[in-house]
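The chains referred to below are lettered A, B, ... by the order of the sequence lines, with proteins before strands, and numbering in each begins at 1. Remember, predicted model here, so these are calculated numbers, not experimental data.
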Amino acid sequence: MHYINKLAYYLVIILIILSINFFLPRAMPGDPLAYVLGENPDMPIRMTEEEREMKLAEYGLDKPLPEQYVDYMIKLSKGDLGHSIYYKNPVMDEILIRLKWTLLLTGTATVIYMPLGIFLGAESAWARGKKKDTLSLITILTVSSFPSFVLGTLFVIFFAFKLGLFPLGCANTIGATYANPLEEALDILHHLILPVATLIIAHIGGTYLLMRNSMLSVIGADYILSARAKGLSERYILNRHAIRNALLPIVTMAALTIGFMTVGTIFVEKVFAYPGIGLLLYDSVLRRDYPLIQGIFLFISIFVVLANFIADMAYVWLDPRVSDE
Amino acid sequence: MLEVTELTKYFSSGLIRKQYQRAVDGVSFTIKNGETLGLVGESGCGKTTVGRLILRLTKPTDGTVLFDGIDLFALNRRELLAIRPRIQMIFQDPDSSLNPRMKIGTSIAEPLKLHGTIPEVKRKQRIKELIETVGLNPEHINRYPYQLSGGQNQRVVLARILALNPDLIIADEPTSSLDVSVQAQILNLMRDLQKEFNHTYLFISHDLDVVRIMADRIAVMYLGRLIEIGETRDIYDHAKHPYTQALLSAAAVDGKTEQNVLEGETSSPLDTPTGCRFNTRCPYREEICAIKEPELVEVGRDHYVACHIA
Amino acid sequence: SATALAEDGGVAITADKKIVRSVGGEVGSSDWRYPAPFTFYPRGPGYVRMSMLFDTLTWKDANGVIPALANGWKVSDDGETWTFYLNKDARWHDGEQFTADDVKFTFDYMKGYEGAFTWFDAIDYVDSVEIVDDYTVTISLNEPMASFLVDIAGNMPILPEHIWSSVSDPSEFKDDDAVMGTGPLKLVEYNSAEGFYHYEANHDYYNGKLIVDEFITMGVSNAAASLKNGDVDEATFWGSAVDAVKGFDGDDEFEIITGPSFWVLQMIFNCDADEGYPTNNVTFRRAIAYGINRDEIVEQKLHGGGVAANTGILHPDAVWYNPDCEDYAHNATRAEEMLDSLGFTDTNGDGIREYPAGAEKSGDLEFVLYTTGKYLREGELIQAQLEEIGVAVELTSSDWTTIDSYLRAADFDMVISGHGGIANPQILNIPDWPASTYDSDEYTSLFKEQETTLDIDSRKELVNQLQELVAEDLPVYTLYHPYIWCVYNPEVLDTWFYTRDGICIGIPIELNKLIFLARYGDANENGKINMQDVTQIERMILELDDETEMADANQNGKLNMQDVTHIELTILGRAPIRYE
Amino acid sequence: MTGVKVNNVLGSLGLGILAILITVAIFAPQIAPYDPHDTYKWMERPSSEHLLGTNDVGNDILSEVIYGTRVSLFIAFTVSITAIIIGTALGLIAGYSSGVLGFLIMRIVDIFLTIPRMVLIIVLAAFLTQSIWNLIVIFIIFGWMMTARIVRSEVLTLRSQYYVDSAKMLGGSDRYIIWRHILPNVVPLVVVQFIMEASHVIIAEAGISFLGLGDPVARSWGTIFNYAFEYPNIILSDAWMWWMLPPGLCIAATVLGLTFVGYALEERLNPKLKTVVGMEA
Amino acid sequence: MILKISKLKTHFSTPDGLVRAVDTIDLSIRERETVGLIGETGCGKTVLGLTITRLLQSSTTVKGTIIYKETNLLKISETEMRRIRGDEIAMILQNPTTSLNPVMRVGEQIAEVIRLHQGLNKKDAAEKAIKMLGSVRIPSPSQRANEYPHEFSGGMKQRVMIAMGLACNPSLIIADEPTKGLDVTIKSQIIKLLKEVTKEKAMLLITHDLSVARALCDRIALMYAGELVECAPAGEIFDAPRHPYTRGFLGSLPRNGLVPIPGMSPSLINLPQGCRFHPRCANAKAICKRKHPGMTEIEDGHFVRCFDA
Ligand SMILES: Nc1ncnc2c1ncn2[C@@H]1O[C@H](COP(=O)(O)OP(=O)(O)OP(=O)(O)O)[C@@H](O)[C@H]1O
Ligand SMILES: Nc1ncnc2c1ncn2[C@@H]1O[C@H](COP(=O)(O)OP(=O)(O)OP(=O)(O)O)[C@@H](O)[C@H]1O
Ligand SMILES: [Mg+2]
Ligand SMILES: [Mg+2]
């Protein structure tokens, strides 16, 4: 029951996202054709009325809106996100070749910052009021108030340029030939460290605070006292009783953070010239490559919605109370 | 004064597949002027809902409530606002009955302000009177609820209700969160006030000892149904329904006499048993009990029971 | 010979592979699409990435046109038939021999798929191509085309027939074979995400020995820092990036060369007779021009990395440049006088002039100046300068789509925009600009006339007049031309140079494939082609003066008369070259 | 009880930071040594004349940053105040009238919260003209949801409190109850939410501007940072120290100030942490 | 004597002042004896229970001795205490609904304490847990063990709490209001269950429900404002209460006439001078205002803190 409801809900969300995507260029001021053909500030496109009509027809923009909508949906169902103006390639292809880098970046960062934030938050709450708690609280709040691009830029200047410890950007050494896969992996890692560190620092605060708050309310709960009354050790109580309960709000949050992450990567990828989807979005925005912008928006949104869906399911799995409803 | 007929409330939940919770299912009783009717029953049997229905704080599903001959359920908004001051309710939890951000004095002044019965200049004086009537000190006027104890807050609630001088007071377990000694203070106060202002009480409680002292008549509910109603003395001495008997026996624990301990738990109003609702726990169950729902029948003077066996 | 020179150590060839890395921009914006002939991004950087792989019949170096796949050529007197003598050593990357068939095939293919080659559209001039023998072709034109040698022969990549004959959708053909040409480099890897192109040397190159083994053009996060860090060996800077260039000045590890950009930033006025008041008044526009201090803009925005533009639009380094256009040197007094004379005076003393009474508009003399975010700073400077002469400017930054829609509707006052390709007189067709509000019969007829005039001198005269007219009428007021720099590490490669009038049809950047060739490594130790080279060529020419000898020389891979003539023409600025 | 002390220290620190920034914003014309649009010699190093040097077109960076405070804070506060008011109103409606309207509002909130809003903002910003008003409108459109959700759930709790029933019973109309009983209890939450939203907007606006989608005319810190970042020589020269760092630090300081204040407020308002000890007779 | 508490003080320091939640309490419990601890809300009953099991936050001050079978619980290390907790001394907490971990299966919550203290492996512990559930009369225990607390009713959760307390066969049980919030019929079920349990175990029963105390206790101690005011065998308390508070307390029961004690309990921060009860005492004398009375044994095993007893 629960699953079906949720599924329906998410399908509606996806439908809405698709519709936003459809109506966005059509609702904006300006020539819709410009959103398909792109613009060239130096040399504006020259077109006679006739050519215009032809182009409109070619892109199906002359049809009535509902018909366009149906066409759009049919195309989408075939995985066709349209053609990039700049790359003259299917939007999907352009996204897919960059996907691995973004996944590597966000994946690595998430795998580190989530458990770390959870761990630090839990520890901090468990030591509430003590020096350890205060110190980590202030440190994390302070550090994470730096926007990722400020932090990233400073990292580039210090660690990459001044100290020369890391490369200035990119995902690997361009044009390098590797003796073995390990060497390649190390090279990729070398390029990954600064951007990942930036993402972690920029995103850890949210998780940390949430976990800390969540944990604080768990600590006061009677079942923790009850667990102590059973003679269980503090570590055991923390691990077995407290964390799972405290994790519940985190799980809901996790999906949201994945949404933030995808945005965070735009900044980090720009600062570190990391060739992922975020940078693609940035470049497309600069080039006003509207089909590509829309495609990326759609892709990220659906990705985030899926993440939400998974988080919802995980929530059910974590909290037996929900599954019964 | 109050005539409740076939009062029914089903709570529905679920959007796609509706589920009905039969919280109150055809309850009828009357209360005479100046009388106290005790309403007892286990948790979740629908006592509070009955009270809230009478006040129209909850929308009824069915039934009628006549208050001094006025059909409460037929009133429109304005009429309802006009009649509300005459029926008041005291809630279970005194602490949450007062807005934590309002000073005690403001809380008590609220009904006066809302109804504008007393000019503003005299209000202060009236508040002081009310505060003293319920045995509090005028200096409490400037305190906040959290600065007072539960018992004191319940007094404030009483003072506020008195400001409206209602005819009917529905007291929903007014002392269940209080200590025995404080409970005694509040219950005594309520009795005194009843005498003084001739209030009519619908006194809801799960504590039979308390009801015995407070009520003239007692109504026993089980799973949304009224199963027995009668004079207090009759109920205590000649309880007819097996459930009432079990309740009384459980309340009379003293460590010596062997009790009549009921097995099992109350069923949920989500899926009420067919036939007599008590049949799943009844020690005297017979075949008919699982099939037919018993009607209230008169077994003594003003004493009604819904049981096939009694 | 080239080999000997290399061995002499004129060029640093080490036992290791010699890899040259060049900055192609920031990651992401360093992508110019797949470098196949029909897929590259139709701008200069896209073309040059393709040109590494494919050769054309002719090519250009620092001094002008030189032979490429064609060793020599001659043109008929009517200018309608061109004969090309092809290089017999040229081979495709797969080892196949290059022949006249490929040339004919290419022309036919381009004509057959008209519009597929988005880079230029002059193929219409070509009527037919005939194969004389395996290494000679004649190309017949519909009408004489003075710029043929550059615009078509020096521009159109010759395709291998054995690959493309079976390709029916050229713009979708992105196989490995699609990048197989005769060029000095072969494509190893291309990655659009990272915007990098990895080439390796085609050591069998027919046109000379290669001095590099691999060439990479890639995206970086910060060009200057990457260069300093040694991640790359060469980078281009432009305009205000002169600051970064200065950082390398005096650094022994790096060399700097400067070139023209063939680019202009300009302010377009609304000259529409109905909508454009008061910018449709020429005196008013001149007053504005006097009010603007272009030198200040060059100084403040470009930090000296450019020059105040030719008000006649064409670039000073271009053949067609008219140096005598009115330059509207900043003169606030004059501007104020002119405005006063038009009746725009500050009557209410708020420092801003008002419209004269009874004019089409009233109130403060205030204009909206549209610009994209890129040129906002220029806008701000203009805003401040015009305020001094009592003209208020509201600066609005917008994306081009929006600005364009205002332009089309003639619903604007002034717009800042820039464009390149200003070496070609064709650019002067202002009334025909999509959003132009300029309308002048005199100008239009003058433009038509120069288009049909074949005599170079008279045409030059007409183009000069056109420029003067632009400068007088000021439908656009040009602001500046930025410079372009190439900063490189000479240890790795020191053959960088700027091509005369730009690569191919005028690409200003330094990525001429000739830098990979030993003879260039030899010719310029300081990275530049100098007059000595030219004299050397001249001396060669003097020794060869009859037809047979020329044919001989041709076969030996040497220059011929035609080359020389052409070089001379180019040097003298008479070869009509079309730029975009 | 070190927790309380830390809390107070953080709170006052945050308030201090904000007070300074707000003062700077209000008195920017008085504080700034120059008009940020005036031009001097470009790329000057810090000197007594230009404490933070000049930028690539010769604007005094210090003055630019001071005026940037205005822009950044103006956007942040305009957006968060409006978004909070909208969110509170909708949250109240959704929570108090559990009808179709409330259901609809909450669905919209859920959907908006699921869609990655920053990405959509970037996309929208790419479609729209770059102006601070457009940004403000976009941020408002995407800024009210969290407040609505929080207010609604609080209203749901409050609504089930007996004192709300009491007020009804005493004859209070819905409007009276909302104004007198619900709203005052929601206000503290809303204040915290306002602070959170303001810090979100600061970061979001800085981010959008960093991507070059901000209003290049009204230069916020993000835009200043962006210009510095795009300056080709920024890493090689030392200019990042006085051109990039100050706006970056300002953004961080504002966020930090808001976070501290928000944190302290939340701690203070969180009833879990407030134990009333002993009852006075 | 299984537990002997003497001069026990538990003080909390708060921003408002020192809370003397437990103030000089002497109390002992014999083997198999059930002692009832009765008092009004906030008088310190729960704190006493938590002090014995040392479950209070470390920032509190605890003084005095708690001798459990010859060991002073206040002197041993936390590790040793942990071994005793749940194994020898079981505490059944006040609120079963919140005292069970909502995301852990009921069986597992019982099994973990068995595994910890009796070193059984997972499987055996799980089996034992099911047995324990059966012994507190949970129907179909093996199936119920795999359910979560929210699937249990209030009475059943209380049984689970009891089963958890009994799992390691402790010698002393501290039960904090085991019948609070339960319906009368369910309450009598729990009382019946506890009665069986206490046949062979000592128990400290904390409650403010006199009927429960009467049904279960051998001895009853009354607590007022952090200290004991009367302690005597159950019968004597009900039949011959000596302390005015005890008398008032009993008198305020509905069945005894609903005669309230005037005034209200003092704050544990501002305790009255002299006898803590004197402001509410009808026969308070001058001395009561000045001097704090001590516990005196007025009859065998009957202690009262009153000058007048
Ligand atoms: N607003 C509501 N929505 C849905 N169900 C409700 C609502 N209010 C009460 N119920 C259900 O109606 C039934 C009767 O509730 P009610 O509060 O009247 O019982 P009660 O006898 O007062 O119990 P208690 O003694 O615990 O106060 C319960 O099962 C309860 O869950
Ligand atoms: N950690 C603590 N810090 C400060 N004061 C506390 C703390 N724990 C308890 N108190 C105070 O100690 C007093 C005694 O509390 P306790 O919980 O023991 O009362 P109780 O007798 O169990 O009451 P109830 O019958 O309501 O359970 C109360 O006034 C309480 O506020
Ligand atoms: Mg109730
Ligand atoms: Mg307690």
Side-chain angles (χ1 to χ4, degrees), chain B residues 15 48 51-52 54-58 77-78 80-102 106-117 137 139-140 143-153 156-157 160-161 163-164 166 169-170 172, chain D residues 92 94 96-107 110 151 154-192 265 268-281:
Chain B
L15 257 185
T48 302
R52 296 177 62 91
I54 295 171
L55 271 169
R56 272 187 63 180
L57 286 175
T58 301
R77 254 182 129 80
R78 175 120 38 77
L80 187 67
L81 278 183
I83 203 150
R84 261 193 177 148
R86 298 184 58 196
I87 315 171
Q88 289 293 303
M89 189 157 174
I90 305 171
F91 298 99
Q92 199 163 352
D93 181 5
D95 294 336
S96 88
S97 299
L98 296 170
N99 188 336
R101 270 166 221 289
M102 272 190 184
T106 323
S107 279
I108 296 177
E110 209 179 6
L112 299 175
K113 213 169 85 194
L114 279 170
H115 293 283
T117 41
N137 210 319
E139 74 191 31
H140 287 127
R143 301 256 177 96
Y144 283 96
Y146 75 87
Q147 292 172 305
L148 301 188
S149 71
Q152 286 172 323
N153 279 335
V156 174
V157 171
R160 183 162 66 164
I161 285 177
L164 291 174
I169 295 178
I170 301 168
D172 185 11
Chain D
L92 280 175
Y96 196 77
S97 73
S98 43
V100 182
L101 188 61
F103 177 82
L104 231 70
I105 293 174
M106 284 338 280
R107 287 301 98 166
D110 284 346
V151 166
E154 183 65 14
V155 170
L156 284 183
T157 335
L158 290 173
R159 213 175 59 149
S160 66
Q161 295 288 305
Y162 289 128
Y163 64 81
V164 170
D165 280 335
S166 297
K168 226 188 249 174
M169 194 177 73
L170 294 172
S173 61
D174 284 348
R175 189 197 289 179
Y176 173 84
I177 289 169
I178 289 178
W179 275 108
R180 289 287 298 165
H181 291 278
I182 309 258
L183 204 55
N185 284 296
V186 168
V187 162
L189 265 183
V190 168
V191 170
V192 173
L265 269 181
R268 185 163 304 177
L269 298 172
N270 194 339
K272 269 182 315 223
L273 309 161
K274 194 170 74 180
T275 36
V276 184
V277 182
M279 226 63 79
E280 276 185 58

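In this structure, the portion of B/T106 lying under 4.5 Å from any heavy atom of chain D is its side chain and not its backbone. B/I87 touches chain D through its backbone: at least one of N, CA, C or O sits under 4.5 Å from a heavy atom, while the side chain does not.
Chain D forms more heavy-atom pairs under 4.5 Å with one residue of B/L81, B/V157, B/L57, B/L55 than with any other, namely B/L57. Note on B/N137, B/D95, B/D93: by heavy-atom pairs under 4.5 Å with chain D, the leading option is B/D93. Note on B/R56, B/K113, B/R77, B/R160: by heavy-atom pairs under 4.5 Å with chain D, the leading option is B/R160.
Separating the CD atom in D/Q161 from the CG atom in B/N99 is a distance of 9.5 Å, to the nearest 0.5 Å. Expressed to the nearest 0.5 Å, how far NZ of D/K168 lies from CZ of B/R52 amounts to 7.0 Å. With rounding to the nearest 0.5 Å, the separation of CZ in D/R180 from CG in B/L114 is 9.5 Å. Residue B/M102 holds its CE atom at 4.0 Å from NE2 of D/H181, rounded to the nearest 0.5 Å.
For B/S97 against D/Y163, the heavy-atom pair with the smallest separation is O-CB, 3.1 Å. Annotation for D/P188 and B/R101: closest pair CG-NH2, 3.7 Å, computed over non-hydrogen atoms.
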Show your reasoning for whether side-chain contact (heavy atoms from CB on, under 4.5 Å) applies to D/M169 and B/I170.
-> CA-CA 11 Å; D/M169 194 177 73; B/I170 301 168; over 6 Å; no

